[in-house]
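Count residues from 1 along the sequence.
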Amino acid sequence: MKRSVNFKVLMITLGMALTFTVVGANVFIVSVFGYHLNSGTNIGNEIKGIHKVDQKLLAERGRILDRNGVVLAQDVIAYTLSANIDTERVAADGTIAHIDDKEAAAEIIGSIIGQNPTTTLQHLNTDAKQVEFGYEGKYITASMKAQLEESGLKGLGFTQVRTREYPNTAGTSKLIGNTYYDDEDDKLKGAMGIEQLYDNELSGTNGYEKYQQDRDGYKLYSTVDDRKEPKNGQDVQLTLDANIQRQLDDSLRGITEDPGVKATAAWGLVMEAKTGRILAWGEYPGFDPNKEGNVYEDRVGTWTYEPGSTMKTFTVASAIEEGVWDDAAVYDTGPFHVGEDANGNPIRLSSPENATNTITNANESDSGMYRYDYGYAVSSNVMIAEMLSNQLNYDVYQNYLTKLRFFQPIEIDRVKTSEGYYNPDDMSPASKLSRGYGHALTVNSAQIAQAYTTVMTDGSLIKPYIIDSFTDPVTKEKVQIGKTQNLGRVYSPETAAHMRDLMRQVVTTGSARRFDSPDVEVIAKTGTAQYVENGVYSKEDYIFSSVQGFPYNDPEVIVYTSYAAKYGHDVDYSAVHVNKIVKAAVNAMNVSQANGNSVIEAVKPTALENYTNTNAVTAEESVKSHGLTPIRAGNGSHVIKQFPLPETNMIANERVILYTGGSEIVMPDMTGWSHKEVTSFMSMTGYVISIEGSGYVASQSVAAGTVLSADTTISVKLS
């Protein structure tokens with residue numbers, strides 16, 4: 001019995017000893033190795049804050065480029081701004097790590113991010129410990145971040161995000177579209193335009209990386225468990241030409257801002273007649289694709305209107321094709337009193353008595369007898385009415401409108417246009433005649449441009465297109481998508497050539513003399529139509545349009561523009577801006593007409609080098625060696641900034657502004673400078689320049705060569 005008790009005591013003693021041994025070992029192992037034997041937990045990791053991280057690796061969205069590689073849309077790194085307003089938050093060294101003076105901070109933050117300081121202060125005065133600043137603080141640039149960091153404000157935070165930048169899309173904003181950030185998928189997605197239509201091609205696939213990091217956020221590179229590289233989206237190259245697009249944008253803006261025009265809106269496109277490549281597409285005002293809440297209605301493709309006299313070209317071409325047109329035949333330009341015969345066909349009555357309508361020429365002019373070809377040159381409504389009453393059967397004309405693909409949408413590489421409209425139930429004599437000169441029907445600009453390819457070519461209808469190719473981000477392999485589509489011949493080559501001769505007369509002797517160009521022989525047609533609102537013709541508001549083709553002998557380029565303005569303004573003012581588009585296209589496409597031979601080929605652009613930190617003299621010599629014109633701003637020794645930015649595609653003689661800083665800035669000769677060049681000079685140098693008018697600089701208040709001082713007042717006039 002006693003022996004048994006001693007055995008139990010022994011067991012208890014051994015158990016306690018073993019327990020102390022295990023505990024002691026565990027303490028020893030934990031203290032030395034950070035590993036707990038009983039639970040299997042790496043306590044060392046917990047002590048050091050080491051934990052596993054599953055991080056997404058964000059893919060880049062593909063870029064959208066012009067035909068020469070100029071960036072129209074690209075991803076950029078931006079930051080979401082936050083501010084800590086917890087008054088108890090301090091840094092490790094005991095200094096404050098929060099916003100202290102909210103009123104002062106609101107002034108600084110608001111001025112940098114472009115927000116009203118009152119709104120900024122409202123964000124700072126909330127009950128939360130950390131706040132953000134709404135839309136203005138959502139995608140701040142690296143420059144804004146640097147300014148905020150340099151301000152000395154404590155408690156600011158910056159979360160890196162990816163956003164989209166549109167550096168060259170003022171007029172094409174509705175065509176290019178924009179994106180939004182999908183928080184669930186952690187990627188940018190197309191919201192409208194090409195961004196949306198080609199979202200699958202542009203979108204990439206996010207990757208991931210699993211690793212460990214310590215409590216200070218340092219990544220332990222030896223602990224990467226798994227990694228999948230992100231796959232970036234494909235680049236999409238368009239047929240647009242940034243140089244022509246830039247001028248189209250400037251000209252459309254100029255038409256709306258010109259005091260001699262005061263258009264409420266302007267829109268248009270430029271395209272190659274024989275290929276269908278769209279070189280420029282735009283409207284003014286457009287919208288800022290970097291802003292939220294945009295409303296999408298593209299005036300070029302989706303907005304329809306009565307085009308007016310630009311339709312007369314197809315009425316006349318159809319008559320030529322049918323063999324019922326005679327240049328030398330004459331007609332009475334007086335009022336056309338509309339009647340109808342027993343079959344419902346339109347006839348001309350001798351007096352307004354019993355007439356359903358009366359058709360007159362512009363300003364109700366009556367000039368006696370005119371030849372038919374001159375009637376087209378001066379855009380006579382009466383001539384069209386006379387022809388549709390006596391020479392060209394209306395049903396035949398309507399059939400040509402169908403062949404020209406009016407009243408049906410054009411799908412331009414997924415960019416769908418509206419159909420346009422005419423009322424097939426309205427076959428009154430007045431409506432039939434009106435459709436011959438562009439009333440009682442609606443079209444869109446893309447349809448007009450497409451139809452005009454028939455008279456610019458051999459009579460074939462060429463479909464417009466805008467997507468050139470896609471480029472794989474890894475292999476850099478380019479997949480060609482865009483191609484010319486001939487939709488069939490509408491007119492014979494002889495009819496098309498005859499029509500071009502008539503359109504040349506419009507420029508030399510008719511309604512388009514304002515479009516005669518010293519740079520190239522153009523052919524043209526003008527149009528004017530009353531604006532229709534709620535089914536009623538306005539007595540004041542009109543739509544003015546024009547189409548140009550060049551070179552005359554063998555047209556390669558079509559320019560079509562329209563604008564809405566009050567009737568009675570001097571159309572010569574708007575022509576100044578349209579002619580600049582023609583000139584830009586001539587330069588960009590290298591059109592010449594030496595010895596009567598038309599030659600057109602694409603100019604090979606030069607990618608601008610990065611001259612930042614380069615010796616100023618060396619940079620100037622390099623710019624000249626590429627056939628460009630250097631403009632040096634400052635007397636510093638090295639280039640600090642430049643315009644345009646590096647990699648911008650340039651053509652011969654374009655200006656490159658090299659800002660070198662220093663103690664002296666000399667006023668350059670700005671004659672011929674664009675609005676953007678003037679504002680870039682202003683931004684670089686800090687001098688405020690008052691800009692009046694639109695187009696290109698015609699005069700400046702400070703003479704070239706003048707050394708500028710802090711109180712120098714500078715103004716320039718553009719025309």
**Student:** Are side-chain N/O atoms of Tyr537 and Glu306 paired as donor and acceptor at under 3.5 Å?
**Tutor:**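 Glu306 and Tyr537 do have a side-chain donor-acceptor pair below 3.5 Å.
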**Student:** Under 6.0 Å from the CD atom of Glu411, do we count more than 12 heavy atoms belonging to anything else shown?
**Tutor:**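 Atom CD in Glu411 is crowded, with more than 12 foreign heavy atoms closer than 6.0 Å.
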**Student:** Could you tell me how the ring of Phe544 sits relative to the ring of His569: parallel (under 30°), tilted (30 to 60°) or perpendicular (over 60°)?
**Tutor:**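 Because their plane-to-plane angle is over 60°, the rings of Phe544 and His569 count as perpendicular.
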**Student:** State whether Asp327 and Arg371 are salt-bridged, where the test is any N-O pair (Lys NZ or Arg NE/NH1/NH2 against Asp/Glu carboxylate O) under 4.0 Å.
**Tutor:**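 No salt bridge links Asp327 with Arg371.
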**Student:** Could you tell me whether the side chains of Asp501 and Gln505 share a donor-acceptor contact shorter than 3.5 Å?
**Tutor:**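 No, Gln505 and Asp501 have no side-chain donor paired with an acceptor closer than 3.5 Å.
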**Student:** May I ask you to decide whether Asp570 forms a salt bridge with Arg514, counting only side-chain N to carboxylate O separations under 4.0 Å?
**Tutor:**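 So Asp570 does not pair with Arg514 through a salt bridge.
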**Student:** Looking at Arg504 and Asp516, is there a salt bridge between them, counting it only when a charged N and a carboxylate O are closer than 4.0 Å?
**Tutor:**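 A salt bridge is present here (some side-chain N lies under 4.0 Å from a carboxylate O).
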**Student:** Would you say the side chains of Ser380 and Tyr331 form a donor-acceptor pair under 3.5 Å?
**Tutor:**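 Judged by distance alone, the side chains do pair up.
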**Student:** Please determine if Arg253 and Asp250 form a salt bridge, counting it only when a charged side-chain N lies under 4.0 Å from a carboxylate O.
**Tutor:**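 Yes, Arg253 and Asp250 are salt-bridged.
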**Student:** Going by atom type alone, with no hydrogens or angles, which donor-acceptor pairs under 3.5 Å involve a side-chain atom of residues 399-406 and a protein atom two or more places apart or on another chain?
**Tutor:**
from, atom 1, to, atom 2, distance (Å)
Tyr400, OH, Glu322, OE2, 2.6
Thr402, OG1, Gln398, O, 3.3

**Student:** Just checking, any donor-acceptor pair under 3.5 angstrom between side chains of Ser309 and Ser379?
**Tutor:**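 Yes, side-chain donor-acceptor contact under 3.5 Å.
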**Student:** Distance-only, no hydrogens or angles: does the Gln447 side chain make a donor-acceptor pair with backbone N or O of Glu419 under 3.5 Å?
**Tutor:**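 Present.
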**Student:** By the ring pair (Phe, Tyr, Trp, His ring centres under 6.0 Å) test, which pairs, at least two apart or in different chains, include something from residues 444-463?
**Tutor:**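 Pairs touching residues 444-463 that pass the test: Phe314-Tyr452.
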**Student:** Search all heavy atoms of Gly436 against all heavy atoms of Tyr397 and return the closest pair with its distance.
**Tutor:**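 Of all heavy-atom pairs spanning Gly436 and Tyr397, the closest is CA-OH, 3.7 Å.
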**Student:** Give me the one residue out of Leu238, Ile278, Thr239 that meets side-chain contact (heavy atoms from CB on, under 4.5 Å) with Ile467.
**Tutor:**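 Answer after filtering Leu238, Ile278, Thr239: Leu238.
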**Student:** Looking just at side-chain N and O atoms, do Tyr465 and Thr484 make a donor-acceptor pair shorter than 3.5 Å?
**Tutor:**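 There is no such pair (donor and acceptor under 3.5 Å, judged by atom type) between the side chains of Tyr465 and Thr484.
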**Student:** Any side-chain donor-acceptor pair under 3.5 Å between Ser690 and Glu692?
**Tutor:**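 The answer is no; no qualifying pair exists.
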**Student:** Looking only at the side chains, is there a donor atom on one of Arg299 and Tyr305 sitting less than 3.5 Å from an acceptor on the other?
**Tutor:**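 Looking only at side-chain atoms, Tyr305 and Arg299 do not form any donor-acceptor pair under 3.5 Å.
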**Student:** Side chains of Ser574 and Tyr563 only: does a donor on one sit below 3.5 Å from an acceptor on the other?
**Tutor:**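 There is such a pair between these side chains.
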